[in-house]
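Written out below as structure tokens is the structure these notes cover.
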2 protein chains.
Amino acid sequence: MKIAIDAMGGDHAPKEIVLGAMDAVKQIANLQITLFGDEEKISQYLTDKERIQIVHTDEVITGEDEPVRAVRRKKNSSMVKMAEEVKDGRADACISAGNTGALMSAGLFVVGRIPGIDRPALSPTLPTLDGTGFLMLDVGANVDAKPNHLLQYAIMGSVYAEKVRSIKNPRVGLLNVGTEDGKGNELTKKAFDLMKKAPINFVGNVEARDLLNGVADVVVTDGFSGNIALKTIEGTASSLFSMLKETLMSSLKTKLAAGMVKSDLKGLKDKLDYSEYGGAALFGLAAPVIKAHGSSNRRAIYSAIKQTCNMVEQRMIGTIKETVETMQQGKGED
Amino acid sequence: MKIAIDAMGGDHAPKEIVLGAMDAVKQIANLQITLFGDEEKISQYLTDKERIQIVHTDEVITGEDEPVRAVRRKKNSSMVKMAEEVKDGRADACISAGNTGALMSAGLFVVGRIPGIDRPALSPTLPTLDGTGFLMLDVGANVDAKPNHLLQYAIMGSVYAEKVRSIKNPRVGLLNVGTEDGKGNELTKKAFDLMKKAPINFVGNVEARDLLNGVADVVVTDGFSGNIALKTIEGTASSLFSMLKETLMSSLKTKLAAGMVKSDLKGLKDKLDYSEYGGAALFGLAAPVIKAHGSSNRRAIYSAIKQTCNMVEQRMIGTIKETVETMQQGKGED
């Protein structure tokens, strides 16, 4: 199994990327990694070259670059070269912690789509209180989704949850403004009807207030609402933790108490740390393309590589292709 | 000033509604209240009838009722009778803690719209870390919004923030998937252009992760996304507090520490309690119609009454009317 990795993307590149890659080859048998980026900088940290090779590139797509233009113009960037490695069949999948929009463009224009899937979906696994986590898609790849796109997200998410996360008969929910059938806007009402007939375990509408309680294993939504939900979870959690910190630092008494529960509170924060769940997959592309979090450290990169290897080993793309083909044949026969 | 109140709506009706009403007439000069509901039940708690009268009604719209049908069929319900009181000019405004959908229907079909406003918006004031709070609209009255609806929300929200919340030159933001100009879906891109030209202090796109940091005084969004954002804030906060509680109760040591900071943590929770900010106004109707939280206690009802009185005193509806008329005249002259 060969994974291509953009060594120049993310806040802690290339150091944490290289360290994570070295951890991965130690843990995962038969894994070969190709790192794309500045050879000199990468070599500083690459103390063990077993099953890891470097392809030197001299351009970098930054967070400030306009995604589509960057992918078109920076032909020799680490991210574009990484995507070409997959397109040309020299790698099975790729990972970048860089510019999310640019990775979506590189995925779409370089790697290409699965036939029958109209739009790729950005799909992170988010934490739940019980530690299981749930997959939410789309969180921003496609902000003007049609009902049929949501149906495709449901199928891809269900295949991923079953094959890669090993959840038997995963519960697929539709993010909506109420739980009753018939609730929602034009988009979700139509998507509901399509999802009801799909070969998935559709549990109906789910509400945003129940997301962290694990109301579904896969939550389907359009890229606009999904992005709002994701960033609201992040913002609310971060605001609450900073308020908690302020409260606990407000007096000698609270500081004393804080000292006693410090490690417990750290554990609470870790529970909500979704770097543990790997990166956000871009579903709908002809090969696994994974967006690791921009602030990824060595551990998050390792998790993303492990997740990517699972997607390759479990033939996730093949299963999505076959499911979509079967559905289209079924339609043709109607 | 006369306020009509549905005494039968909400989890703690009629007791907490009646107690809150008695508190309000004590604090607010010239306030007269008419309570709608079961006279016998209301009388149990109404120990001081000064400036409070009861209008007996023998039907109640429950949380399970289908909103539009309930308003059409339960003609003698406390909520419909309350709305008629406003429509017929016997009250200046009305408040209910009952079925949100039914109150929106009663507002729309009984009280009626302001000329020039296409759709009412449900507009709660939500907490920020600094305690100022921000107005978000719409959070679910209209789940298929058009760009022009968002423009109208922006104007109504700005008038409310300035007149009722006394914020000078309130910052109006558009909830979006990124802060840069040109970001978003078709709806927000078009709404952005309209809001840029409106007579408001438009601060551009704002992201969901910055909401609790007070990134804007008024946050405009469609009813679907707004509902998702609101319920995600509620769900995330409630999940975190239950995780925190669990963590603090996990051992003797943490229990000891928890005892030391109990009142401080209570203060933190209170900071996020938006009953302090009054109810959610339904903007765009011919008179103030206020939805108090379903779990409203005496204090929340008092806050909602105070807020409603402010809306009446500050001639909020009149100002919205005049602003919309001026904008329409400006358009006609183009």
Side-chain angles (χ1 to χ4, degrees), chain A residues 101 128-129 139-140 142-145 175-178 183-188 207-213 221-244 246-248 250-251 253-254 256-262 264-265 267-268 271-272, chain B residues 101 128-129 139-140 142-145 175-178 183-188 207-213 221-244 246-248 250-251 253-254 256-262 264-265 267-268 271-272:
Chain A
T128 53
L129 296 192
V139 302
N142 172 22
V143 292
D144 282 300
L175 187 63
N176 214 329
V177 296
K183 275 272 176 180
N185 56 10
E186 282 177 35
L187 173 67
T188 55
E207 279 200 285
R209 67 160 65 92
D210 300 320
L211 290 176
L212 301 191
N213 294 329
T221 180
D222 68 283
F224 191 87
S225 306
N227 192 278
I228 300 288
L230 174 69
K231 288 180 181 162
T232 306
I233 293 173
E234 287 177 358
T236 307
S238 133
S239 295
L240 283 183
F241 276 117
S242 65
M243 282 171 80
L244 182 62
E246 203 181 285
T247 302
L248 291 178
S250 61
S251 72
K253 188 187 69 179
T254 58
L256 202 63
M260 292 164 69
V261 293
K262 204 176 169 186
D264 303 274
L265 291 180
L268 176 63
K271 239 184 175 176
L272 286 169
Chain B
T128 53
L129 297 191
V139 301
N142 172 22
V143 292
D144 283 300
L175 187 63
N176 214 328
V177 296
K183 276 272 177 182
N185 56 8
E186 281 177 36
L187 174 67
T188 54
E207 280 200 284
R209 70 160 63 93
D210 300 320
L211 289 177
L212 302 191
N213 294 328
T221 181
D222 69 281
F224 191 87
S225 307
N227 192 277
I228 300 289
L230 175 69
K231 287 180 182 162
T232 307
I233 293 174
E234 287 177 359
T236 308
S238 132
S239 296
L240 284 182
F241 276 116
S242 64
M243 284 171 80
L244 182 61
E246 202 182 286
T247 302
L248 291 179
S250 61
S251 72
K253 189 186 72 179
T254 58
L256 202 65
M260 291 166 70
V261 292
K262 204 176 167 187
D264 302 275
L265 292 180
L268 175 63
K271 238 184 175 176
L272 286 169

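The shown structure was predicted, so the numbers you read here are calculated from the model rather than taken from an experiment. Each chain gets a letter, A, B and so on, in the order its sequence line appears, and its residues count up from 1. Only heavy atoms go into these numbers, but all of them, side chains included; no hydrogens, no water, no symmetry mates.
- Of the listed residues (Ser250(B), Ala258(B), Ser225(B), Ser242(B)), the greatest number of heavy-atom pairs within a distance under 4.5 Å of chain A belongs to Ser225(B).
- Taking 4.5 Å as the limit, some side-chain heavy atom of Phe224(A) sits within range of a side-chain heavy atom of Thr188(B).
- When heavy atoms are compared at a cutoff of 4.5 Å, Asp210(A) does not approach chain B at all.
- In terms of heavy atoms, Ala237(A) sits closest to Leu240(B) at CA-CD1, 3.5 Å.
- Checking Thr232(A), Leu230(A), Thr236(A) one by one against Thr232(B), the side chain to side chain contact (heavy atoms under 4.5 Å, CB included) holds for a single residue, Thr232(A).
- Considering only heavy atoms from C-beta on, Val261(A) comes within 4.5 Å of Leu248(B) through its side chain.
- Nearest approach of Asp144(A) to Asn185(B), heavy atoms of both residues: OD1-CB, 3.2 Å.
- Residue Glu207(A) touches chain B through its side chain alone, counting heavy-atom pairs closer than 4.5 Å.
- Contact detail for Lys253(A) and Met260(B): the closest heavy-atom pair is CE-O, 2.9 Å.
- For the set Asn176(A), Leu256(A), Val139(A), the count of heavy-atom pairs under 4.5 angstrom toward chain B peaks at Asn176(A).
- Ranked by heavy-atom pairs shorter than 4.5 Å toward chain A, the options Leu175(B), Leu187(B), Asn227(B) are led by Asn227(B).
- When every heavy atom of Ile228(B) is checked against every heavy atom of Ala208(A), the shortest pair comes out as O-CB, 3.5 Å.
- Of the two parts of Ser251(A), neither the backbone nor the side chain holds a non-hydrogen atom closer than 4.5 Å to a non-hydrogen atom of chain B.
- Taken to the nearest 0.5 Å, the CE atom of Met243(A) stands 11.0 Å off from the CG atom of Leu265(B).
- With a 4.5 Å cut-off on non-hydrogen atoms, Asn142(A) does not touch chain B at all.
- Taking every heavy atom of both residues into account, Asn213(A) and Ser239(B) meet most closely at OD1-OG, 3.8 Å.
- Using a 4.5 Å cut-off between heavy atoms, Ser238(A) makes no contact with chain B at all.
- The shortest distance between side-chain heavy atoms of Glu246(B) and Leu129(A) does not fall below 4.5 Å.
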